[in-house]
Peer 1: 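I'd like to ask you about the structure that follows.
Every chain is numbered from 1, with letters handed out A, B, ... down the list of sequences.
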Amino acid sequence: MIHPFLFLEWLEHQMHLHFGPHVTYTWLVMILLILVALLVKRNIQTIPSGLQNFFEPVVDGIDGMIEETMGPKGKVYFPLIATIAFFILTSNLIALIPGFYPPTANLNTNAAMALTVFAMTHIIGVKEHGIGYFKHFCGPVIWLAPLMVPIEIIGHLARPLSLTLRLFGNMYGHEIVLMIFFALVPFIVPLPMMLMGVLVAFIQTFVFMLLSMIYIAGSLEEAH
Amino acid sequence: MEFFAWCMIAAGFGMAIGSFGTGLGQGLAIKSAVEGVARNPGASGKIMTIMLIGLAMIESLAIYVFVVAMIILFANPFTDTVLQLLGK
């Protein structure tokens, strides 16, 4: 929910700056993630304890999922996928704390991430197959190419659009629903909706991660 | 003023039609997934993953309608023109 009081926006106002809440809260999420990563990194032991106990299964789970979807070749792209996953999950979940604004409820943040994934798929494709990557766009038989190339190009351009709008629509829609419920009955009734918000945060993170993995896997495989 | 009334109606009906189709599609997907799990409970993990991806794909249709409805309601590009015409 967009809280009426956003503390970073207030701070920004005091300092006479203007970035917009989605930028400042993106920085907050970044600082948070970097701090936690440094804390975990500082004392890694064979027998895990504390934070390491929590992060080992999470990282292991993402690693396993990448192995399952992209094969052994996809292991190199673990940093990209995991960073996107952690960033989206954290910024989706801070939406539930009063005074925080989720950066993913803004089109610009999502478009930045989706365009990164879009660019990465093609960079990886060219790196992996060289000039032969463009066979991916030509379809199964060469004389079908004039028909397939426009369809494939439209299909590829629709990917960042759908990635952006899915995440944005889910987070923003959830905020609007919560706001309407709060305006109608400001007691108990919005609570199930907030529970659904936690669910939506996890599922959307999962979907964004999985789709970017599938896109990258698609450019890794051989053209048929 | 009639313009804004029609905007509301368009947004409401658009959302209704969009969620109608999405609901049908998601129901079909979940039906097949449940049948699959009932026949082979061992495959529930894989079916769950694939179902979630499919559901998110279908859901994005309703999300597009929602975004269009929000544009009609809150960021309508014709609002200024209509207000100017009303002022005259």
Peer 1: Might you work through the side chain to side chain contact (heavy atoms under 4.5 Å, CB included) test for B:E59 and A:N170, ending with a clear yes or no?
Peer 2: CA-CA 9 Å; B:E59 198 182 60; A:N170 271 291; 3.4 Å; yes
Peer 1: Measuring heavy-atom distances to chain B, does A:L165 have an atom under 4.5 Å in its side chain, in its backbone, in both, or in neither?
Peer 2: both
Peer 1: Starting at CD1 of B:I63, measure out to OG of A:S162 and round the result to the nearest 0.5 Å.
Peer 2: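 Rounded to the nearest 0.5 Å, the CD1-OG separation comes to 12.0 Å.
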Peer 1: Please determine whether the number of non-hydrogen atoms from other residues, nucleotides or ligands lying under 6.0 Å from atom CZ of A:F181 exceeds 12.
Peer 2: no
Peer 1: Around atom CZ of B:F3, are there more than 12 heavy atoms of other residues, nucleotides or ligands at under 6.0 Å?
Peer 2: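 For B:F3, atom CZ is crowded (more than 12 foreign heavy atoms under 6.0 Å).
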Peer 1: Measure across A:I203 and B:L52 and return the closest heavy-atom pair with its distance rounded to 0.1 Å.
Peer 2: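 A:I203 and B:L52 have their closest heavy atoms at CD1-CD2, 4.3 Å.
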Peer 1: Answer yes or no: are there more than 12 heavy-atom neighbours, outside B:F4 itself, under 6.0 Å from its atom CZ?
Peer 2: yes
Peer 1: About how many Å separate OG of B:S60 and CG of A:L167, when rounded to the nearest 0.5 Å?
Peer 2: 12.0 Å
Peer 1: For A:L211 and B:M57: C-alpha separation, side-chain torsions, deciding distance, then whether side chain to side chain contact (heavy atoms under 4.5 Å, CB included) applies.
Peer 2: CA-CA 10 Å; A:L211 281 178; B:M57 288 287 202; 3.5 Å; yes
Peer 1: Which pair of non-hydrogen atoms, one from A:G169 and one from B:V67, has the smallest distance, and what is that distance?
Peer 2: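 Between these two residues, the closest heavy atoms are CA-CG2, 4.4 Å.
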